[in-house]
Amino acid sequence: MAESTYLEAIRAGMVDAMRDDQRVFLIGEDVGHFGGPFGVSKGLIDEFGAERVIDTPIAEEGFIGAAFGAAWVGDRPIAELQFADFISCAFDSIVTIGAKTHWRSGIALPVVIRAPYGGGVRGGPFHSSCPEGFFAGTAGLKVVCPGTVEDAYGLLRSAIEDDDPVIYFEHKGLYRRLRGEQPSPETRTPIGRAHIARSGSDVTLIAYGAMVELALRVADQSTASCEVLDLRTVWPLDREAILSSLARTSRVCVLQEASESLGVAGHVLSLIAREGFELLDAAPVLVAAPDTPVPFAPELEDFYIPSVERVEAEIAGLLGY
Amino acid sequence: MAESTYLEAIRAGMVDAMRDDQRVFLIGEDVGHFGGPFGVSKGLIDEFGAERVIDTPIAEEGFIGAAFGAAWVGDRPIAELQFADFISCAFDSIVTIGAKTHWRSGIALPVVIRAPYGGGVRGGPFHSSCPEGFFAGTAGLKVVCPGTVEDAYGLLRSAIEDDDPVIYFEHKGLYRRLRGEQPSPETRTPIGRAHIARSGSDVTLIAYGAMVELALRVADQSTASCEVLDLRTVWPLDREAILSSLARTSRVCVLQEASESLGVAGHVLSLIAREGFELLDAAPVLVAAPDTPVPFAPELEDFYIPSVERVEAEIAGLLGY
Amino acid sequence: MATEHEAIPAEDSALYGHELRLELLRLMLLHRLTEERVMALYRQGRISGSVYTGRGQEAVGAAAGLALGPDDVVAPLNRELGCHYARGVTPAQAFGNFLAKANGPTRGRDGNMHFGVPARGVFPLVSMLGDLCPLVVGAALAFKRRREPRVSMTFWGDGAMSVGDVHEGLNLAAVLHVPVVFVLQSNGYAYSTPTARQMLNPSMAERVTGGWGIPAETIDGTDAISSYTAIRAAVERARAGEGPQAVECISMRIDGHAAHDDGKYMDQDRRREYLERRDPIERLLARLRLDGADDDDLAAAQSSALAEVNAGLAEAESWPAPDPATLADGVYASPLG
Amino acid sequence: MATEHEAIPAEDSALYGHELRLELLRLMLLHRLTEERVMALYRQGRISGSVYTGRGQEAVGAAAGLALGPDDVVAPLNRELGCHYARGVTPAQAFGNFLAKANGPTRGRDGNMHFGVPARGVFPLVSMLGDLCPLVVGAALAFKRRREPRVSMTFWGDGAMSVGDVHEGLNLAAVLHVPVVFVLQSNGYAYSTPTARQMLNPSMAERVTGGWGIPAETIDGTDAISSYTAIRAAVERARAGEGPQAVECISMRIDGHAAHDDGKYMDQDRRREYLERRDPIERLLARLRLDGADDDDLAAAQSSALAEVNAGLAEAESWPAPDPATLADGVYASPLG
Ligand SMILES: Cc1ncc(C[n+]2csc(CCOP(=O)(O)OP(=O)(O)O)c2C)c(N)n1
Ligand SMILES: Cc1ncc(C[n+]2csc(CCOP(=O)(O)OP(=O)(O)O)c2C)c(N)n1
Ligand SMILES: [Mg+2]
Ligand SMILES: [Mg+2]
């Protein structure tokens, strides 16, 4: 069976969706012949032409607003940001029009916003951040963070078929590092459902995005039996999956690449505090980046991003309980 | 001793700061002769002139970016939004320039962003929201939500004297409803410090903004001994104050006007889960608005905003534990 | 008093048959009479929040709405109730929104002019000024790439012109060459700020052409017929593939910014001039009279508009208030399992 | 080869003494030589992230930096290293940022051209294009209201011109009439997007004047001397109270967008023309030679620039890497409790 990188799975997801549905098109900066800063859309313009692979001027609020407008009249656009960091420039359109329109008036706005995010690429404060936390918590939006090749494809296909605005955070560090079996065109990852990537009985590691890889590495090495819960959709959260894993393990460590007070760990821990309290034998712990912007220097960034060692130390603490 | 409304205290805070410090000026839309949509800056232009009470075109990202620029060269601007809801339009400048500049380069940006927020005024989805949660969690920013007349003055003076960007959320519903002793010009409310508005031993009610009033009303009526902790600064959180109150009561109810998954309750509950777990005899509870935009219809909004009854029911649950 | 109003120029009027002129009159009357009712209800405390009127600007919304074809789409702002009516939105729907009724277009979730009627191709206003500009550009982009002969339209004022989204939308429209029409409402004020304090060159038409390369015409926004002529022509140029078009309509906001604002900061001479000599409804009536329209017909037009408004209000008042139990319905179009 | 380059016109050059011309040369050489070093280090894997060069545009940053007075402030972008140098930023500081050293201007927290030196009135670039426009307008507003004879400046390209913040900043500057100078770098491309796909009318000067009413001149951005003349005049007009000014500098981005981009999508004929006949350094050298400059002097200028760059690199290399223990220092200027 053929192999695929995470990046190739995203491209295949776009290509297959565009073949299956004329309403799907890609819009963004340099997405055409250049194929985007990471080459994710390379070749699409040759197959689909400039009317379905649309280069725009530099205007994130503008082209994302335009994507909502196209969705209003029946299209299903994919809007690509060059870096997720620039989603701050389109924040208003996303939370104002994207999040509230269906609730106010019943107009569905099926737009997928693809946002290349995450650190470890020496991008510094403006090309490495994890902005998912700015949107997790906003009613009307859906936020997904694939952590596997299969979900890179499956969540993208599901997001494109979903009738709500979905922010799809694709991790730059996984683009070429992550390889797996090439997903079949039928592959869909249900939105709103977490996945047990590894089952275990001693402790639950809750992770998403690039932290899934880290959690699995920890699980492999650990003497403890670690259950790895891959959130996949970080907003809205899969309440049942989180609580039932806690019921099994009664110990939990939440992993997050984003800095401690951003990301979605706060939502997960808030849920656990309110609804998982009696399930726990120990206080839940969090492994996340510190509350600073993402630093550029390798010495700083390597310290900044959660490591296997830090997770192992927290697990030891949890079990020594 | 003279009386003052919450609104008058905010105006007095601006006037006194502008008298004390030539570097302080006000910038925003219709803040001059019109005095802003709520009349908060009424009369300021007569005393300070058009060079210190500056009307701008409609450009939130623009005039807040300009406020950062003036701060860069030594001024201490106050930027007024007409409604906090429109802070979404200035999101990029706040999180990109406001939050990261001092950490990156040592340039301090002492800007106060005044944001009239909150519901109960029949403003509907775009004139009632509580956007503090979009900024709570972002390193480099400070977020305050005065819930009393004294803090309306004291937090504003402290925010203006602070060297960091401070987002000052003033509650529209409290403007004229809340009355108290006129704060003296020396009044300062320390940023980053919560305040025990009422001490008690059975349960801690953690609140901020308009929910402080609600919490105190509940405390008055309740048969239980309620401690009311007014966060005042919602980011960064006053960890010690929260945990030491929990140590006293071992039961906690977090109140928030914002919808359940926005606001700062997630941060508070995440902290409690990780560091207050052993202090608690019962799972912490949350009283907040549901996860929808703020509805316009009185029948819907009255249901939407947390009520005394809902808090009392949660307290009963906590104590029946 | 009515006679003092400057009649619309004869030659413009002569371009059209009686029906069109009566339809413009009907839409303007519906707009004016609805808002008069709404203001009365507001003063009685029966409408919450705030109320924004289009008094003095009724010609623009009516003309723009009529200039659109049945399959076109539009995102009106809050001075353009006549545009909603031209699209087939009913007075009951408008009152239903102001009164926050369960059967209203937003089911009581939003208020005043913040509503749209999807079936009529009308997008609901969002308060954040500027947001609707890129939105309609995107709708036009969809029409163009699907080769559908459809046009999208939105409006903004001299104040919203300053918002960054307007720049991004205008530039996208120009570069992507899409069939969109921008109707610019130059009504003298943005809240309390006069146009001259909002922009250096108060001609939005010159700015749109000079800054973004989009053809723009300036017309008298109190003249329903020349407004219709210009906007209709812009719509057809856009439909014919000539790219984005703009029409700047000069008028004056007669009322304050909203019900709470007496507008005492306004230029009262100019305000009186528009109130007493340039009322768009009176100007059209004056023209119709000069063209020999029968006074009874005109009276009939007014009384039937009034009857339609009253019937709409009565219907909306009969609707129930929204049920809090339904508050969370529709947060998502595809609910999660 | 050098001789093929079109010399800068004699009359422009004649306006200034030898010192100014040599200073422009020195700044451009420092810019060029620093970036050549940086590219080499990047290829050796000793610089992380990415590298953006100003090759072919060195004249603009140097001229703009020299046109400012000692108390003026500036927010350069990433094609204007010469502007930093004109302000007194040192090669060691530049290398210190590229190499992410603890003693560098951002202490290793940010990289490449993302740095500023507060003591030199230089604000650190933020990536979000457009953000710096309102920022410098605010600095100019402060200068105006404090009646200080100071000017602020920033730069942006043909791509950033499309960002909403630029519109808001330009309009604020025009309406508030503040002493700010906008230097517009029209270098043919925004990443892979040619200027013609970024805006309908590729003349940013015409757009800025027509859209916002701000006076704007277009000049040859490969001519250091006419760039200096125009930008200096704009700075002095702004300082004299004539309000915001813009200067559009036409040049070409010779390299790809960044180190990873070979720019094969570019117009190679035009690229060759600029590379072989319009190199700003060669054009100034050609003029100096025609004006009778001594070859030894020119050679000396080049070797001393090279020596300065090498010394800066050596110093920066001697600096330590940042200590992770200090990562959270300075998140707040007023730390809590
Ligand atoms: C982004 C944003 N900022 C501020 C406001 C508050 N506001 C509502 S209407 C208005 C004035 C608009 O003026 P203009 O565009 O001329 O429209 P007009 O009211 O004259 O019809 C303002 C400032 C808003 N709705 N959105
Ligand atoms: C808001 C925003 N969107 C996208 C980018 C990614 N980006 C960085 S530079 C660039 C091209 C800029 O072109 P131009 O303004 O002409 O400057 P030049 O690179 O030609 O100097 C883009 C798209 C960004 N930095 N900021
Ligand atoms: Mg107006
Ligand atoms: Mg360029």
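Atom set for the values below is all heavy atoms of this structure, side chains included, hydrogens, waters and symmetry mates excluded. Because the structure is predicted, anything quoted here is derived from the model rather than measured. Every chain is numbered from 1 and lettered A, B, ... according to where its sequence line falls, protein lines coming before strand lines.
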>> Please find the pair of heavy atoms, one from D/Val122 and one from B/Trp72, that lie closest to each other, and give the distance.
In response: C-CZ2, 4.2 Å
> Which one of B/Gly140, B/Gly192, B/Pro190 has the most heavy-atom pairs closer than 4.5 Å to chain D?
Replying inline: B/Gly140
>> At a 4.5 Å cut-off on heavy atoms, which part of B/Thr233 comes close to chain D: side chain, backbone, both, or neither?
In response: neither
>> Using 0.5 Å steps for rounding, measure from the CG atom of D/Leu176 to the CD1 atom of B/Ile27.
In response: 6.5 Å
>> Can you tell me which portion of D/Leu170 sits under 4.5 Å from chain B's heavy atoms? Options are side chain, backbone, both or neither.
In response: neither
>> Which heavy atom of B/Gly74 sits nearest to which heavy atom of D/Arg146, and what is that distance?
In response: C-NH1, 4.0 Å
>> Rounded to the nearest 0.5 Å, what separates atom CE in D/Met128 from atom OG1 in B/Thr96?
In response: 4.0 Å
> Hey, which residues of residues 80-101 of chain D are touching chain B, say heavy atoms under 4.5 Å apart?
Replying inline: none
> So which part of D/Val175 gets closer than 4.5 Å to some heavy atom of chain B, the side chain, the backbone, both or neither?
Replying inline: side chain
>> What I'd like to find out is whether the side chain of D/Arg145 reaches to under 4.5 Å of the side chain of B/Asp75, using heavy atoms alone.
In response: yes
>> Can you give me the closest heavy-atom contact between D/Tyr332 and B/Pro236, atom names plus distance?
In response: OH-CG, 3.5 Å
> In terms of heavy-atom pairs under 4.5 Å, which option from B/Pro165, B/Ala66, B/Ala108 contacts chain D the most?
Replying inline: B/Ala66
> So which of B/Ala70, B/Ala71, B/Ala50 has the largest heavy-atom pair count under 4.5 angstrom toward chain D?
Replying inline: B/Ala70
>> Please find the pair of heavy atoms, one from B/Ser93 and one from D/Asp131, that lie closest to each other, and give the distance.
In response: CA-OD2, 4.4 Å
>> Looking at chain B, which one of D/His167, D/Arg147, D/Lys144 has the largest number of heavy-atom pairs inside 4.5 Å, strictly under?
In response: D/Arg147
>> Can you tell me which portion of D/Pro105 sits under 4.5 Å from chain B's heavy atoms? Options are side chain, backbone, both or neither.
In response: backbone
>> As an exercise, state the distance from CG of D/Leu135 to CD1 of B/Ile97, rounded to the nearest 0.5 Å.
In response: 5.0 Å
> D/Ala142 and B/Val73: which non-hydrogen atoms are nearest, and at how many Å?
Replying inline: CB-CG2, 3.5 Å
> Okay, side chain of B/His102, backbone of D/Val331: is any donor-acceptor separation there less than 3.5 Å?
Replying inline: no
> Under a 4.5 Å heavy-atom cutoff, which of B/Ile58, B/Asp238, B/Asp164, B/Leu109 has the most pairs with chain D?
Replying inline: B/Asp164
> Looking at CZ of B/Arg104 and CZ of D/Arg109, how far apart are the two atoms once the value is rounded to the nearest 0.5 Å?
Replying inline: 11.5 Å
>> Run the side chain to side chain contact (heavy atoms under 4.5 Å, CB included) test on B/Lys142 and D/Leu336 for me, step by step, so that the C-alpha distance in whole Å, both residues' side-chain angles and the decisive distance to 0.1 Å come before the verdict.
In response: CA-CA 10 Å; B/Lys142 294 169 179 172; D/Leu336 291 148; 4.3 Å; yes
> Taking every heavy-atom pair that is under 4.5 Å apart, which of D/Val136, D/Asp165, D/Leu132, D/Val117 has the most such pairs with chain B?
Replying inline: D/Asp165
>> Is B/Asp55 in contact with chain D via its backbone, its side chain, both, or neither, using a 4.5 Å heavy-atom distance?
In response: backbone
> Of all heavy-atom pairs between B/Ile107 and D/Phe123, which one has the smallest distance, and what is that distance?
Replying inline: CD1-CD1, 3.9 Å
> Out of curiosity, B/Phe25 CZ to D/Leu141 CG, how far, rounded to the nearest 0.5 Å?
Replying inline: 5.0 Å
> Checking B/Glu60 against chain D: side chain, backbone, both or neither under 4.5 Å from a heavy atom?
Replying inline: backbone
> Do side-chain atoms of B/Asp163 reach the backbone of D/Ala333 as a donor and acceptor pair under 3.5 angstrom?
Replying inline: no
> Is any side-chain heavy atom of B/Ser105 closer than 4.5 Å to a side-chain heavy atom of D/Arg107?
Replying inline: no
> Which distance, rounded to the nearest 0.5 Å, do you find between the CG of D/Asp329 and the CH2 of B/Trp103?
Replying inline: 10.5 Å
